[in-house]
Amino acid sequence: MPELPEVETVARGLSSTLEGRTIVKVRQNRADLRVPFPENLPKRLTGRRVTHIGRRAKYILITLDDGNILIVHLGMSGRFMFRHDPSLPLLAHDHLVITADDGVDHVLNDPRRFGLVALVEGAKLDQHKLFAGMGPEPLGNAFDGPTLADRLAGKNTPIKAALLDQRVVAGLGNIYVCEALFHSGISPLRLARTVQGQRAERLVQAIRQVLNAAIAAGGSTLRDFMHHDGELGYFQHSFSVYDREGKPCPGCTCDVAKTGGIARIVQSGRSTFYCPRKQR
DNA sequence: CTACCATCCTGGTTGC
DNA sequence: TGCAACCAGGATGGTA
């Protein structure tokens, strides 16, 4: 479920509670999520101090004082929340519990187990399989119109599919791709290679704007998503098209009874929501 | 290269 | 109310 804004929100929450703390206890309750947990993970984490919490694309990066980085991906249904009361029983799907030196438990819960946990040497992060070939951060300085236009050049695939490809730009998912395409007036069906020049520029601005607005709202809570402290995001109330099939798009004056309002189509197996009149 | 499909897994919602 | 089918924010690997 979590896309970049939700992961950023969780990472910020972790940063305020776990950064600077020493890990005193780790409980791992199963052998794997989408992939196996790292070998001897509890042993390798215990006694380490957390020096920094960051994010790359949809990955949470927890830097340790031995130079390793604990990587956490929340998949579709992952939550990473803290609990002050260690006497509370673990819930179903609580897979990893990291106890800090202030007695607070940081619990990774993931019912569908599409998430993953890895531990890599900090210096080799960019070369790691998960990050090699990954596209630019959409909120970073390196992401601009010409850069995106370059990465889309020659791609004979719908722009919707291209933006979901983490090698083109890293961190977008189904929701924010739909929203950004709407705000830039680009049809999700348009061939990626035709998004050049001003159109690419508009798309970059729309991506940045929608991601920043979503982060400011604490992300979007559709079903599972929660902040590190259990709070919910509220950006879902600001969706223009996502999950709004048949409804009017913002500012639309046309008759929904005639136009059908926002359309839903399926592209590469995923729902796409858009306004066929405003997006070309 | 690209498009499409299935897969991993659980749980909430929908429809009969 | 019960139950089955369907759907979901991601990523990957296979096939045609």
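Below, all heavy atoms of this structure are taken into account, side chains as well, without hydrogens, waters or symmetry copies. Chain letters run A, B, ... following the sequence lines, proteins first and then strands; every chain starts at 1.
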_Validation row: Leu164(A), Lys160(A) side chains within 4.5 angstrom (heavy atoms)_ = yes

*Go through the structure and list residues passing side-chain contact (heavy atoms from CB on, under 4.5 Å) with Ala170(A), not counting sequence neighbours.*
Arg56(A), Ala57(A), Met134(A), Gln166(A)

*Taking atom P in both dC5(B) and dC6(C), compute the distance separating them and give it to the nearest angstrom.*
16 Å

*Does the aromatic ring of Phe114(A) sit over the six-membered base ring of dA11(C), closer than 5.5 Å centre to centre and tilted less than 30°?*
no

*Check whether any side-chain heavy atom of Phe235(A) sits under 4.5 Å from a side-chain heavy atom of Ile175(A), and report yes or no.*
no

*asked:* Is it the case that the side chain of Gln279(A) and the backbone of Cys275(A) share a donor-acceptor pair, with hydrogens and angles ignored and the cut-off at 3.5 Å?
replied: yes

*Between Phe131(A) and Tyr59(A), is the ring centre distance below 6.0 Å?*
yes

*Can you tell me the distance, in whole Å, between the CE atom of Met76(A) and the C1' atom of dA11(C)?*
10 Å

*asked:* Testing the basics here: between Val117(A) and Pro38(A), what is the closest heavy-atom pair and its distance to 0.1 Å?
replied: O-CD, 3.5 Å

*Pairwise 5' ranking along DNA chain C for Lys129(A) and Asn174(A), keeping only the more 5' one*: Asn174(A)

*Phe37(A) and Ile60(A): same hydrophobic cluster, using ILVMFWY side-chain contacts below 4.5 Å?*
yes

*Side chains of Asp144(A) and Thr147(A): donor-acceptor distance under 3.5 Å anywhere?*
yes

*asked:* Reading DNA chain B in the 5' to 3' direction, which nucleotide is the first one with an atom under 4.0 Å from a heavy atom of chain A, and which is the last?
replied: dT2(B) to dG11(B)

*Within the side chain of Arg48(A), is there an N or O that forms a donor-acceptor pair under 3.5 Å with the backbone of Arg44(A)?*
no

_Please list, in numerical order, the residues of residues 149-167 of chain A that have a heavy atom closer than 4.0 Å to any atom of DNA chain B._
Gly154(A), Lys155(A), Asn156(A), Thr157(A), Pro158(A)

*Flag the pair Leu152(A) / Thr194(A) as yes when at least one side-chain heavy-atom distance between them is below 4.5 Å, and no otherwise.*
no

_Does anything in residues 184-192 of chain A come within less than 4.0 Å of DNA chain C? Heavy atoms only, and list the residues if so._
none

*With sequence neighbours left out, write down each residue that passes side-chain hydrogen bond (donor to acceptor under 3.5 Å, both in side chains) with Glu231(A), or none if nothing qualifies.*
none

*Contact residues, residues 260-273 of chain A to DNA chain B [heavy atom, < 4.0 Å]*: none

_Involving DNA chain C, stems made of at least three consecutive Watson-Crick or G-U pairs, both distances under 3.5 Å_ = B:2-8 with C:10-16, B:10-16 with C:2-8

*List in chain and number order the residues that pass side-chain hydrogen bond (donor to acceptor under 3.5 Å, both in side chains) with Thr99(A), two or more places apart in sequence or in another chain; answer none if no residue qualifies.*
Asp105(A)

*Which residue pairs satisfy the ring-ring contact (aromatic ring centres under 6.0 Å, His included) criterion with at least one member in residues 92-122 of chain A, sequence neighbours excluded?*
His106(A)-His228(A)

_Side chains of Thr17(A) and Asp102(A) in contact at under 4.5 Å (non-hydrogen atoms)_ = no

*Counting N and O atoms only, with roles assigned by atom type, does the side chain of Gln267(A) sit under 3.5 Å from a partner on the main chain of Gly269(A), one being a donor and the other an acceptor?*
no

*Within a strict 4.5 Å, meaning less than it, do heavy atoms of the Tyr274(A) and Ile265(A) side chains meet?*
yes

*Quick one: Leu116(A) CG to dG10(C) P, roughly how many Å, whole number?*
14 Å

*Give me the residues of residues 234-246 of chain A where at least one heavy atom lies under 4.0 Å from an atom of DNA chain B, by number, or none.*
none

*Please identify each residue that fulfils side-chain hydrogen bond (donor to acceptor under 3.5 Å, both in side chains) with Asp94(A), with sequence neighbours left out.*
Arg83(A), Asn109(A)

*Does Arg34(A) get its side chain close enough to the base of dA11(C), under 3.5 Å, for a donor-acceptor pair?*
no

Using atom types as modelled, flag every donor-acceptor pair under 3.5 Å from a side chain in residues 207-216 of chain A to any protein atom, sequence neighbours excluded.
residue   : atom : partner   : partner atom : Å
Arg208(A) : NH2  : Gly140(A) : O            : 2.6
Arg208(A) : NH2  : Phe143(A) : O            : 2.9
Asn212(A) : ND2  : Arg208(A) : O            : 3.1

